Amino acid sequence: MIDLYRVLPEEMDILVTGLGQPRYRAEQLLQALYHESPKKMSDLHQVPSSMRDALVKAGYTIGSENEVHRVVSEDGHTTKILLKFDEKTLIETVLMQYSPSQDKTHPRSTVCVSTQVGCPMGCVFCATGQMGFEKNLKAEEIVSQVLHFAHILSQRGEHITNLVFMGMGEPLANYDETIRAVRLLTHPRAFGLGQRSITISTVGIIPGIDHLADEDLQVKLAISLHAPNDELRKKLVPTAGPHSVEDLIAAAKRYFKKTGRRVTFEYALIDGINDSTKVASELAYILKGNGAHVNLIPMNPTAGGFQRPDRKRVLAFQQVLRNGDVNCTVRVEKGAEISAACGQLRTDIMKKIR
Ligand code: SAH
Ligand code: SF4
C-alpha cells in the first residue's frame, strides 16, 4: 500500500493521468489532502468514486494517525500530542506558541516534529537517545504530525508559522524520508509552508549536511555542537565518532558558502560538564570570525542524572561568547513541566498505553 500523503505533486500528476483521469484531478486530490483533513479514501468526495476505486485498486491508501494522548502546559502555550500510526509507531509531536508581536494578530506557532522512533545517536543527556533506536519514520508519518496540528489550529482560526525538526530522532539519519516530507510540506501545490520557516537540527552527520546544501531548499540548519573539543564532545555524543568538532565547523562553513544561510550551533548547557567560562572561551576561540550564531539550551533534566546550570552560570557563559564577538542567545524553554521540552520526548507513556 502506498500512502497518498507521500506522493509529491509531480508524482500525483503522473499517477492521475496514468489512471486515465484528467490532470486537474491531481489538483483536487492535493487540495483535499492538505486542506480538508480526510481520514480515509471515502472522505475524498472531491473526486468521483470511480477514481477512488481506481486508486485503491492501484494500491493507494490514506493512512491516518490517531491521537492517543494530549497534554497542555499550564500557560496553554505548549501542547504535546502522542500520535499512533500503528502498533510499532507511537510518536510525540509538540506545538509551541508564542504571543503575537504588536503588529501581528496571530501567535507564532511552531511545530516540533519527530523523524524517528527513538534515536541511534545515544546522546547521554537526551531522553530519546537513551531509549535506543526503534525505526525510521516514513515521510507520510512526518507530514501527518504537521497536518494534525494544522487541523487543530485551523479550528481556532490559527495556522502553523514555523516548523522545527527537533523532536525524537536524527533527521539526517533518515535523510530521504525527511527531505521528501520537507518537499511535501513546502510545495505550493501541497501544504505550502515557506521553506525559510523550517529548521532542520542535526547532531552533525557531515555527509548529510553536504547533501542538504546541494538540495534546492531554503531551509535553515542547526548543528548540535555541545562542546568545543572532541574529548568533551565524545563524552556527550558517543556516536560523534569520525566527525570532529573541526570537521563540523568546516561543514557549517561549506553550507553557508553554498546556500548563503548561516548555520546555528546549538549547545545544551549541562551543569559542571560543559558550562564553565573556560569552556566558553575555547568555544569563542574556535567560532570567532565565522559569523556563527550559538543558541544555548540550558539542559532539561532527564533520567541521565545531568542537571541544568543555574541562571548565573548560563549568563556568564553567554557573556564570554559575546565578549569574544560570537553572536549568542539563550533559548526560551517551553513546556518543561509537561516533559515536552527538548530531549524530554520520552516513551514511558507509550509503554503504559501499549
Ligand atoms: N537529533 C537532532 C534533532 C533532535 S534533538 C539533534 O540532536 O540536533 C533537538 C535538540 O534538543 C538538540 O539540539 C539536542 O541536543 C537538544 N537536546 C536533547 N536533549 C536535551 C536536553 N535534555 N535538554 C536540552 N536540550 C536537549
Ligand atoms: Fe538523537 Fe538528537 Fe537526542 Fe542526540 S540529541 S540522541 S541526536 S535526538
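Keep in mind that this is a model prediction, so the values were computed, not measured. Counting convention: from 1, in listed order, for ligands and their atoms alike.
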Take Asn136 and Gln116 through the side-chain hydrogen bond (donor to acceptor under 3.5 Å, both in side chains) test and state the conclusion after the steps.
CA-CA 4 Å; Asn136 281 324; Gln116 298 181 314; 2.8 Å; yes

Point to revise | Donor-acceptor pair between Gln319 and Arg322 side chains, under 3.5 angstrom | key: no

In ligand 1, the atoms that come under 4.0 Å of a heavy atom of Ile297 are 13 (O), 24 (C), 25 (N)

In ligand 1, the atoms that come under 4.0 Å of a heavy atom of Phe165 are 3 (C)

dist Arg6:CZ -> Glu140:CD (nearest 0.5 Å) comes out at 5.0 Å

Logged contact type for Met299 with ligand 1, heavy-atom cut-off 4.0 Å, is both

For this session: Report yes or no: do His187 and Glu10 form a side-chain donor-acceptor pair below 3.5 Å?
Result: yes

Is there a side-chain contact between Arg313 and Arg308, using heavy atoms and a 4.5 Å cut-off?
-> no

With heavy atoms and a 4.0 Å threshold, my read on which part of Thr202 contacts ligand 1 is backbone

Ligand 1 atoms nearer than 4.0 angstrom to some heavy atom of Glu266 are 13 (O)

Item to complete: Give a yes or no on whether the ring-centroid distance for His226 and Phe265 is below 6.0 angstrom.
Response: no

Any luck finding a side-chain donor-acceptor pair between Ser244 and Asp247 under 3.5 Å? yes

For Met166, the atoms of ligand 1 under 4.0 Å from one of its heavy atoms are 4 (C), 9 (C)

Under 4.0 Å between heavy atoms, the region of Thr302 that gets near ligand 1 turns out to be side chain

*Any heavy atom of Ser224 sitting closer than 4.0 Å to ligand 2?*
no

Per-atom filter on ligand 2: closer than 4.0 angstrom to a heavy atom of Cys119 are 1 (Fe), 6 (S), 7 (S), 8 (S)

_Between ligand 1 and Pro301, can you find any atom pair, the residue atom being a heavy atom, that is separated by under 4.0 Å?_
no

Is it true that the side chains of Glu266 and Ser201 contain a donor and an acceptor less than 3.5 Å apart? yes

Quick note on ligand 1: atoms under 4.0 Å from a heavy atom of Gly167 include exactly 4 (C)

Quick one: does Gly129 get within less than 4.0 Å of ligand 1, heavy atoms only?
no

Note: ligand 2 atoms sitting under 4.0 Å from heavy atoms of Gly129 are 6 (S)

Cys126 heavy atoms within 4.0 Å reach ligand 1 at atoms 18 (C), 19 (N)

- Query: Hey, is there an N, O or S on Cys123 sitting under 2.8 Å from atom 3 (Fe) of ligand 2?
  - Reply: no

query = ligand 1 and Phe125, any nitrogen or oxygen pair closer than 3.5 angstrom?
reply = yes

Logged contact type for Phe306 with ligand 1, heavy-atom cut-off 4.0 Å, is neither

Please walk me through it: do Lys39 and Glu65 pass salt bridge (Lys or Arg N to Asp or Glu O under 4.0 Å)? CA-CA 8 Å; Lys39 291 285 169 209; Glu65 75 289 351; 3.3 Å; yes

Checking heavy atoms under 4.0 Å, the part of His226 that sits near ligand 1 is side chain

* Any side-chain donor-acceptor pair under 3.5 Å between Lys84 and Thr89? -> no

| Among side-chain atoms of His293 and Thr264, is any donor-acceptor pair under 3.5 angstrom? | no

- Task: Please confirm whether the backbone N or O of Glu92 pairs with a side-chain atom of Ser114, one donor and one acceptor, at under 3.5 Å?
- Result: yes

Here the atoms of ligand 1 under 4.0 Å from any heavy atom belonging to Gly169 are 1 (N), 2 (C), 3 (C), 4 (C)

Numbered in order shown, the ligand 2 atoms found under 4.0 Å of a heavy atom of Met121 are 1 (Fe), 7 (S)

